[in-house]
Amino acid sequence: MTMLEKLQINNEQKVFYRRVMMLTIPIIVQNLIASLLNLMDTVMIGRLGELYLASVGIANQYFFFFTLMLFGVNAGCSIFISQFWGKQDEVSIKKTAALAISFSFVIGILFMLAGIYFSDEIISVFNSDKSVLATGGDYLKIVAFSYIFTAITVGFAFSLRSTENTFVPMVGSIAALVVNVVLNYILIFGKLGFPAMGVKGAAIATVIARIIETMIILIYVYKKSNLLNINLSHIKMLDFKFIKIVYAGMLPVLINEFVWGLGNLTYNIIYARMGVGTAAAIQVTSTVMNLLMIVIIGLGNSAMVIVGKEIGAKREDLGKLYAKRLYKFALIIAIIIATVIFLTANDFVYFFKMSATVLNDTKRILYVNAILLLIRSYTFIMIVGVLRGAGDSKYAVKIQGLTLWTIGIPMAFIGAFILNLEVYYVVALTGMEEIVKYIFIRRRFKSGKWIHNMTN
């Protein structure tokens with residue numbers, strides 16, 4: 001290889017990683033803000049005690065399931081939007097975005113109504129303690145009003161990302177974070193003349209923050225953007241054939257999110273049944289891991305757009321090359337995150353007002369998650385990014401569902417209720433799921449059978 005060829009390769013790699021960072025950094029910032037928002041809620045509510053922390057954490061499992069449904073619909077549609085973006089087919093982009101946002105709106109309405117009118121039934125799935133039912137129900141009945149705004153925001157945010165516009169969703173999230181933190185402080189603890197409202201104050205703050213976030217995105221889309229300013233005419237353009245094609249590609253992603261979400265809910269039911277202290281420890285560790293995972297999550301979202309665009313433009317070799325670079329990059333990030341956890345976990349847990357036993361459990365769960373992250377980073381990038389972007393979501397849902405329900409959840413159940421292990425050992429047992437998943441996905445990638453041009 002000549003010096004000139006080496007320089008050309010180096011320049012091409014620099015351009016690629018610059019493109020990756022331009023896409024990923026705003027997504028990272030947005031995810032960081034969303035995680036910080038949840039972390040601030042957890043920290044502030046945690047100052048009220050373990051009961052309030054566990055109650056709100058359980059109520060938020062319903063929101064987690066709701067967002068998974070939204071992500072399933074929009075991630076499925078984003079496969080088409082990113083490939084249409086590579087093909088420069090603006091009409092199909094508008095039609096697909098219209099379909100995604102319409103579906104999201106319906107999901108938002110349904111979850112909002114269920115959260116308002118069946119809050120006690122929802123909370124009781126996780127914990128039947130009367131105090132938890134009362135506190136969690138009070139929170140859910142109010143925060144459910146934010147779901148419709150979340151649905152609209154997620155619909156437009158995914159469409160913007162798929163067309164390589166990640167800046168606007170980031171701005172909306174920043175505004176939501178600032179509003180939520182300020183209002184949390186005022187309404188939870190009763191500052192500036194307001195009464196101390198506890199968890200109800202946290203719920204009201206979330207609703208107002210989501211409304212402002214939605215308004216910012218809508219103002220940009222309909223004042224500054226010509227690509228996604230969809231209206232009723234675009235919905236009318238949705239003929240049965242087009243809906244059927246997009247639905248066929250979207251359904252595996254939706255099923256994948258549903259199966260994965262239901263699995264995570266099952267995990268949390270198992271942990272909640274182990275006791276209020278265990279539920280509190282899982283709530284804290286989940287919040288912390290979501291915060292630390294933001295770079296890998298951002299890379300996953302970028303991978304879907306980057307790989308999908310190359311597949312849509314019929315540049316399959318570049319799609320393969322970019323996929324390899326992205327999952328190697330993710331492994332480096334995972335090693336850094338794991339190191340940070342081992343260095344800081346011991347001090348971090350003392351931010352929370354919990355018993356010594358719960359603090360110790362929380363710390364050990366963080367250590368276990370740090371080790372599992374080295375494998376999980378690869379499976380996440382491949383499932384959420386590469387396979388989806390390349391239109392191979394059917395295989396992804398098979399592997400996700402099989403490993404989760406035949407390995408992960410049975411291991412958690414056996415560890416918790418048959419072997420009566422401590423919670424951190426139970427979490428470690430579930431890691432067998434990630435190992436098996438890694439083996440199957442690695443083989444799939446090497447086979448080359450994962451490339452499907454959906455725009456055809």
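Residues: numbered from 1 along the sequence shown. Since the structure is predicted, the reported quantities are computational estimates derived from the model, not experimental observations. Keep in mind that the numbers below use all heavy atoms, side chains included, and drop hydrogens, waters and symmetry copies.
Put simply, CZ on F66 and CG on L110 are 10.0 Å apart, with the number rounded to the nearest 0.5 Å. Between atom CE of residue M274 and atom CG of residue D361 there is a gap of 8.5 Å, rounded to the nearest 0.5 Å. Of the inter-residue distances, the one linking L419 atom CG with F413 atom CZ reads 11.0 Å to the nearest 0.5 angstrom. Annotation: the span from L372 atom CG to M432 atom CE amounts to 12.0 Å, rounded to 0.5 Å. One distance of note links CZ of R376 with CG of N369; it measures 6.0 Å at 0.5 Å rounding. Separation of atoms OG1 (T24) and CG (L299) is listed at 5.0 Å; rounding is to 0.5 Å.
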List the steps and the verdict of side chain to side chain contact (heavy atoms under 4.5 Å, CB included) for L23 and I306. CA-CA 9 Å; L23 270 175; I306 291 169; 3.7 Å; yes
* Can T285 and T362 be said to form a side chain to side chain donor-acceptor pair (under 3.5 Å), step by step? -> CA-CA 6 Å; T285 52; T362 302; over 6 Å; no
Checking I341 against M289 for the side chain to side chain contact (heavy atoms under 4.5 Å, CB included) test, could you report, in this order, the C-alpha distance in whole Å, the side-chain angles of both residues, the deciding distance, and whether it holds?
CA-CA 9 Å; I341 290 173; M289 290 307 299; 3.7 Å; yes
Let me see the working for L321 and E310 under side chain to side chain contact (heavy atoms under 4.5 Å, CB included), right down to the final yes or no. CA-CA 10 Å; L321 176 63; E310 299 306 325; over 6 Å; no
Check your understanding: Between F111 and F63, is a ring pair (Phe, Tyr, Trp, His ring centres under 6.0 Å) present by the stated rule, with each step listed?
Key -> CA-CA 9 Å; F111 271 83; F63 176 75; 9.7 Å; no
Candidate pair Y327 and R442, rule side chain to side chain contact (heavy atoms under 4.5 Å, CB included), full reasoning: CA-CA 11 Å; Y327 71 64; R442 185 74 175 170; 3.0 Å; yes
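A pairwise comparison of heavy atoms in S104 and G155 identifies OG-CA, 4.2 Å as the closest pair. In terms of heavy-atom proximity, G389 sits nearest to Q83 at O-NE2, 2.9 Å. Taking all atoms of both residues into account, the shortest heavy-atom contact from I399 to K437 is CG2-CG, 3.6 Å. In this structure, A281 and I365 approach most closely via the heavy-atom pair CB-CD1, 4.2 Å. Closest approach of V436 and I407 over heavy atoms only: CG2-CD1, 3.6 Å. Here the closest heavy-atom approach between residue V368 and residue Y424 is recorded as CG2-O, 3.8 Å.
Between Y147 and Y62, the closest side-chain pair of non-hydrogen atoms falls below 4.5 Å. Side-chain contact between T206 and R210: present, with at least one pair of heavy atoms (C-beta onward) separated by less than 4.5 Å. At a threshold of 4.5 Å between non-hydrogen side-chain atoms, the residues N165 and Y220 count as touching. A heavy-atom distance below 4.5 Å is not found between the side chains of V384 and M304. With contacts defined as side-chain heavy-atom distances shorter than 4.5 Å, the pair I414/L429 does not qualify. Side-chain atoms of F167 and V171, non-hydrogen and from C-beta on, do get closer than 4.5 Å to each other. Put simply, the side chain of M293 reaches to within 4.5 Å of the side chain of L373, judged on heavy atoms. Within the 4.5 Å cutoff, the side chain of I381 has no heavy atoms near those of the F329 side chain.
Taking a 6.0 Å sphere around CE of M21, one finds it holds more than 12 heavy atoms contributed by other residues, nucleotides or ligands. Residue F417 qualifies as enclosed at atom CZ: its count of foreign heavy atoms under 6.0 Å is above 12. In the displayed structure, Y425 atom OH is contacted under 6.0 Å by at most 12 heavy atoms of other residues, nucleotides or ligands.
Panel note: side chain W450, backbone F445; a donor-acceptor pair is recorded below 3.5 Å. No donor-acceptor pair closer than 3.5 Å links the side chain of D392 to the backbone N or O of I451. Judged purely by atom type and a 3.5 angstrom limit, E213 has no side-chain atom pairing as donor or acceptor with the backbone of A175. Side-chain atoms of T430 never come within 3.5 Å of backbone atoms of A412 as a donor-acceptor pair (strictly under, hydrogens ignored).
Electrostatic pairing of E164 and K309 counts as a salt bridge here, judged by a charged N lying under 4.0 Å from a carboxylate O.
Relative to the ring axis of Y395, K449 does not place its NZ or CZ within 45° and under 6.0 Å from the centre. Under the 6.0 Å distance and 45° angle rule, R161 counts as a cation-pi partner of F158.
Just one of T150, L70, V154, N74 meets the side-chain contact (heavy atoms from CB on, under 4.5 Å) condition when paired with I107; it is L70.
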